[in-house]
Amino acid sequence: MPALVCTAKTCIYNKNELCSKGDIKVEGNTARTKDETCCSSFQERTGESMSNSCADGSGCTNISVSCSACECKYNEEMQCHAGSIDISGSKACCCEDTCCSTFSCH
């Protein structure tokens, strides 16, 4: 499972730039660049709401990342096998405003 850093601070799962969901899904079936990918697990935070799946309630350091970006060199059988992954989207309002900055085309 990759180590994940996430700058989408407007996401309900973001806790100190770590994802507290425990697993995410990166979309981008036909992506050839990072901007053509997105974190479809993104959910916009409303007010002070936050959701946790990690056992201790903090952000998870390593999480499962399923990935449909078939052209990414880290995608093996629809799972991300990068050592670490960065999800970008500091001003995201929806999942399309995020991207996988780790994406690298074959």
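One is the number of the first residue; the rest follow in order along the sequence. Just the heavy atoms: all of them, side chains too, but no hydrogens, waters or symmetry mates, feed the values below.
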| So, does S20 use its side chain to make a donor-acceptor pair with the main chain of K15 at under 3.5 Å? |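 Absent.
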| Looking at C38 and C95, what are the two nearest heavy atoms and their distance? |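 Scanning both residues completely, I find the closest heavy atoms to be CB-O, 3.1 Å.
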| message | For a quick test of reading the model, state the closest non-hydrogen atom pair linking T37 to C100 and the distance between them. | response |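 Closest approach of T37 to C100, heavy atoms only: OG1-N, 2.9 Å.
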Measure the [atom1]-[atom2] distance between [X] and [Y] for me, rounded to the nearest 0.5 Å.
X: L18; Y: I63; atom1: CG; atom2: CD1; answer: 9.5 Å
X: N29; Y: S68; atom1: CG; atom2: OG; answer: 4.0 Å
X: S66; Y: I24; atom1: OG; atom2: CD1; answer: 8.0 Å

| query | Taking only residues at least two apart or on different chains, which pairs with a member in residues 81-106 satisfy side chain to side chain donor-acceptor pair (under 3.5 Å)? | reply |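 Listed once each, the pairs are S88-S101.
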Do any side-chain atoms of residues 72-80 form donor-acceptor pairs under 3.5 angstrom with protein atoms, and if so which ones, sequence neighbours left out?
from	atom 1	to	atom 2	distance (Å)
N75	OD1	M78	N	3.0
N75	ND2	C67	O	3.0
N75	ND2	A69	O	3.2

| salt bridge (Lys or Arg N to Asp or Glu O under 4.0 Å) involving E71 - partner list, sequence neighbours excluded | R32
Answer whether the closest heavy-atom distance between the side chains of [X] and [Y] falls below 4.5 Å.
X: T10; Y: F42; value: yes
X: C19; Y: I87; value: no
X: R45; Y: N14; value: yes

| said: Please determine whether residues F103 and I85 belong to a single hydrophobic cluster, defined as Ile, Leu, Val, Met, Phe, Trp and Tyr linked transitively by side-chain heavy-atom distances below 4.5 Å. | reply: no
